[in-house]
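Letters go in sequence order (proteins before strands), and every chain restarts at 1. Computed over heavy atoms, backbone and side chain alike; hydrogens, waters and symmetry mates excluded.
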Amino acid sequence: MKAIKAVKGTKDILPWEIPLWHQIETLCKELFASAGYQEIRTPVFEKTELFARGIGEFSDIVSKEMYTFQDMGGEWLTLRPEFTASVIRSYIQHHYYQRASLHKLWYFGPLFRQERPQAGRLRQFHQFGIELIGSEYPEADAEIITLACDFYKKIGLKDWELHINSIGNTKDRLNYIEVLKKSLTPYVDDLCPTCQDRFDKNILRLFDCKNELCQQILDTHAPKIIDYLSEKDKAHFEEVCEYLDLQNVPYQINSKLVRGLDYYTRTTFEIKSNHLGAQDALCGGGRYDNLVEELGGPSTPSIGFAAGVERLIMALEAEEKASVQLSPPDLYIAPIDNQAYKGIVKYCTHLRNQGFIIETDLLRRSVKAMMREANRKQARFVTVIGSEELNSGTLTLKHLETGQEYPVNWDNLGEFLEKTILPF
RNA sequence: GUGGAUGUAGCUCAGUUGGCAGAGCGCUUGGUUGUGGCCCAAGUGGUCGUGGGUUCAAGUCCCAUCAUUCACCCCA
């Protein structure tokens, strides 16, 4: 029989990897809650149209990367390729704006994109992120960016950079694109083939090119988008920077940072790790002041970010910060005969109910093997139980680290563990 | 969709000019009765990714195919 493997681009999160995932989820919960953000969970699939309208029909994600299918009623549905569209759909559908004028949300979950897998890119991957819906002011931008940075600081990641930029409102950006085209037209023939293609399709993508010659041409001949912003947007961006300075958040203004999703406006930012391969963006975000309205809601300025969990884990591993948190047993009980196996069960349950982590043998192994197992599991105490211990009412707990033995009455077991575990 | 790399034990990998399928780690058991780690010993474990071809003989050479992986594209 041929074994079945996980689908290309998908991965099991293995039992021994789970503690790190819990650590990340817990930090999300604590950090975002500390700023008043509430968790939101939306369905993993939505109507295809939501993403087409939200992300942009001609974006790569929508045009060739979505898992789209028809349900039995013939409706086109899509496994979500990103979170923001779903969150905004929920915001509009449930009229959040009638409850309050500002909403602060966070999320964590799986996303799906049908791309060729490589380092830092999977077909099912996970993101967490936050959305701040309803404020147009630079304080909002600063709060989002600061929270993102705080996350990486608190998780223990060291070697990363924050890049920020402003791509202005739609009108200014279209104007800039015209100027950019004009100033680069003389050099089109020197660009790499993909850039020549991009020149007509989506000229802003030129900035992402990894070809050195293309970058040189851009550096010397491309105007900066910041110089083409309206006075209002320029002032907004300067204020965002000012807020970051106030908190000593280090950043680089990167005029080449143009994000790939169509809905972004004004502030955009990205956090890059210095330890990842080609896919080095840990986290990306920005303003999307028009999205709520475009999806059928009231005009509502908003900003948010999304962060890749697998990439974070890769970066933590590269920096050797992926700490393994085990939950070792407080006590490993090793029964040596049939009676002992039967005699200990009620104590196991009782101690577990008291909150202790108790493990016992389930393979009827030798004492030596059970001791080895207790040691492997890093149990704090181990006890060998035979008829003597059951009849006399006294057992001996051995502290594995020191080898010290402690006689204890069965009735005082919980009390003993409680008292003794703390000092160790 | 395009290009490169790699497929040998559960894991990490050796395997020479074609000539008996290997190591380390892991796992199991034992080293005297009911006590772990270290050490020692034995055991467990492989259709050499798959299918063809060349050859007396293929893990090794040739062709095809699949899988994995990295990169392009794009994005978290």
Side-chain angles (χ1 to χ4, degrees), chain A residues 1-3 5-9 11 14 16 55-56 58-66 81-84 107-129 148 192-195 197-198 201-202 204-205 208-211 258-261 264 269-273 276-286 304-315 332-337 340 363 365-389 395-403 405:
Chain A
M1 186 82 93
K2 204 177 155 194
K5 290 197 284 188
V7 173
K8 184 199 271 288
K11 258 193 178 146
L14 299 166
W16 44 91
I55 303 169
F58 301 107
S59 66
D60 277 42
I61 293 179
V62 172
S63 63
K64 54 187 192 196
E65 294 173 3
M66 297 204 301
E82 65 120 33
F83 266 107
T84 303
Y107 54 76
F108 187 113
L111 301 172
F112 309 85
R113 288 182 202 171
Q114 199 162 175
E115 302 176 90
R116 282 285 274 267
Q118 72 184 75
R121 175 193 291 156
L122 291 166
R123 289 184 170 183
Q124 179 180 172
F125 61 102
H126 295 75
Q127 286 186 349
F128 63 86
C192 73
T194 37
C195 277
D197 190 43
R198 284 190 275 223
K201 272 196 197 152
N202 189 351
L204 291 178
R205 297 252 67 85
D208 291 332
C209 187
K210 284 160 188 163
N211 184 307
V258 286
R259 302 204 49 77
L261 280 61
Y264 283 115
F269 68 99
E270 200 168 287
I271 291 176
K272 290 171 192 276
S273 164
L276 296 183
Q279 315 303 325
D280 63 351
L282 288 168
C283 154
F305 76 77
V309 178
E310 285 85 353
R311 286 186 193 179
L312 166 63
I313 288 173
M314 286 173 75
Y332 185 95
I333 302 177
I336 58 168
D337 56 33
L363 289 169
R365 291 199 275 196
S366 67
V367 173
K368 180 176 182 149
M370 290 191 287
M371 289 299 292
R372 234 199 312 264
E373 179 70 5
N375 190 59
R376 217 184 345 235
K377 290 259 171 102
Q378 296 179 35
R380 219 176 293 253
F381 288 97
V382 64
T383 182
V384 177
I385 303 300
S387 49
E388 198 183 307
E389 284 77 7
L395 64 159
T396 305
L397 295 196
K398 182 171 184 176
H399 187 249
L400 275 180
E401 214 171 303
T402 59
E405 299 196 340

How far, in whole Å, is [M] from [N] if one measures between their [atom1] atoms?
{"N": "B:G51", "M": "B:A67", "atom1": "P", "answer": "16 Å"}
{"N": "B:C56", "M": "B:A42", "atom1": "P", "answer": "41 Å"}
{"N": "B:U69", "M": "B:C13", "atom1": "P", "answer": "14 Å"}
{"N": "B:G37", "M": "B:U44", "atom1": "C1'", "answer": "23 Å"}
{"N": "B:C61", "M": "B:G24", "atom1": "C1'", "answer": "30 Å"}
{"N": "B:A9", "M": "B:G43", "atom1": "C1'", "answer": "15 Å"}
{"N": "B:G19", "M": "B:A57", "atom1": "C1'", "answer": "7 Å"}
{"N": "B:G22", "M": "B:C39", "atom1": "C1'", "answer": "24 Å"}

If you check every side-chain atom of [X], which of [options] has the closest atom?
{"X": "A:A119", "options": "B:U68, B:C75, B:C70", "result": "B:C70"}
{"X": "A:I61", "options": "B:C75, B:C73, B:A71", "result": "B:C75"}
{"X": "A:D208", "options": "B:C73, B:C75, B:A71", "result": "B:C75"}

Starting from [atom2] on [N], measure out to [atom1] on [X] and report it in whole angstrom.
{"X": "A:L122", "N": "B:U68", "atom1": "CG", "atom2": "C1'", "value": "13 Å"}
{"X": "A:L204", "N": "B:C75", "atom1": "CG", "atom2": "C1'", "value": "16 Å"}
{"X": "A:R123", "N": "B:C73", "atom1": "CZ", "atom2": "C1'", "value": "14 Å"}
{"X": "A:R311", "N": "B:C75", "atom1": "CZ", "atom2": "P", "value": "11 Å"}
{"X": "A:F58", "N": "B:C75", "atom1": "CZ", "atom2": "P", "value": "16 Å"}
{"X": "A:L276", "N": "B:C70", "atom1": "CG", "atom2": "P", "value": "12 Å"}
{"X": "A:K11", "N": "B:A67", "atom1": "NZ", "atom2": "P", "value": "18 Å"}
{"X": "A:L14", "N": "B:G10", "atom1": "CG", "atom2": "P", "value": "16 Å"}

**OP:** Can you run down the salt bridge (Lys or Arg N to Asp or Glu O under 4.0 Å) pairs that involve residues 113-124 of chain A, sequence neighbours left out, and say none if there aren't any?
**Re:**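 For residues 113-124 of chain A: A:E115-A:R121.
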Would you classify [X] as touching base, sugar-phosphate or nothing, given that sugar-phosphate means primed atoms plus P, OP1 and OP2, and contacts are heavy atoms under 4.0 Å?
{"X": "A:R113", "answer": "base"}
{"X": "A:G277", "answer": "sugar-phosphate"}
{"X": "A:L282", "answer": "sugar-phosphate"}
{"X": "A:A306", "answer": "sugar-phosphate"}

**OP:** For A:T194 and for A:G308, locate the closest nucleotide of RNA chain B by heavy-atom distance; then report the residue assigned to the nucleotide nearer the 5' terminus.
**Re:**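 Closest to the 5' end, via its nearest nucleotide, is A:T194.
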Original post:
5'-most contact on RNA chain B: A:K210 or A:A307, nearest heavy atom basis?
Top reply: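 It is A:K210, whose closest nucleotide lies nearer the 5' terminus.
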Taking side chain as C-beta onward, heavy atoms only, is [X] less than 4.5 Å from [Y]?
{"X": "A:I385", "Y": "A:I336", "value": "no"}
{"X": "A:E310", "Y": "A:L122", "value": "yes"}
{"X": "A:Y332", "Y": "A:N375", "value": "no"}
{"X": "A:L282", "Y": "A:L276", "value": "yes"}

Does [N] have OP1 or OP2 under 4.0 Å away from a side-chain N or O of [X]?
{"X": "A:K8", "N": "B:A67", "value": "no"}
{"X": "A:K5", "N": "B:A67", "value": "no"}
{"X": "A:Q279", "N": "B:C72", "value": "yes"}
{"X": "A:R205", "N": "B:C75", "value": "yes"}

Original post:
For RNA chain B, what string of dots and brackets results from 5' to 3' when Watson-Crick and G-U pairs need both distances under 3.5 Å, crossing pairs get [ ], and pairs with another strand get |?
Top reply: (((((((..((((.....[..))))((((((.......))))))....(((((..]....))))))))))))....
Original post:
Got a donor-acceptor pair under 3.5 Å from the side chain of A:R116 to the base of B:C73?
Top reply: no
**OP:** Answer yes or no: side-chain N or O of A:Q118 and base N or O of B:C75 forming a donor-acceptor pair under 3.5 Å.
**Re:** no
Subject >> Member of A:E405, A:H399, A:K398 meeting the side-chain hydrogen bond (donor to acceptor under 3.5 Å, both in side chains) criterion with A:T402 >> reply: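 That would be A:H399; it is the only one of A:E405, A:H399, A:K398 passing the side-chain hydrogen bond (donor to acceptor under 3.5 Å, both in side chains) with A:T402.
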**OP:** Do nucleotides 26-38 of chain B as a string where each nucleotide becomes B, S or -: B if the base has a protein heavy atom under 4.0 Å, S if just the sugar-phosphate does, - if no protein is that close.
**Re:** -SSSSB--BBBB-
Subject >> Residue list, side-chain hydrogen bond (donor to acceptor under 3.5 Å, both in side chains) with A:Q279, at least two apart or on another chain >> reply: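 Per chain and number, A:Q279 pairs via side-chain hydrogen bond (donor to acceptor under 3.5 Å, both in side chains) with no residue.
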Original post:
Residues two or more places apart in sequence or in another chain: which of them pass side-chain hydrogen bond (donor to acceptor under 3.5 Å, both in side chains) with A:K368?
Top reply: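 Not a single residue meets the side-chain hydrogen bond (donor to acceptor under 3.5 Å, both in side chains) criterion with A:K368.
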Original post:
If only atom types and distance count, is the side chain of A:R380 paired as donor or acceptor with the main-chain N or O of A:E401 below 3.5 Å?
Top reply: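 Checking the backbone N and O of A:E401 against the side chain of A:R380, no donor-acceptor pair under 3.5 Å is found.
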Original post:
Minimum heavy-atom separation for A:G120 to A:R311, with atom names?
Top reply: O-NE, 2.7 Å
**OP:** Let me see the working for A:F305 and A:F128 under side chain to side chain contact (heavy atoms under 4.5 Å, CB included), right down to the final yes or no.
**Re:** CA-CA 8 Å; A:F305 76 77; A:F128 63 86; 4.1 Å; yes
**OP:** Would you please name every residue forming a salt bridge (charged side-chain N to carboxylate O under 4.0 Å, His left out) with A:R365, sequence neighbours left out?
**Re:** A:D361, A:E373
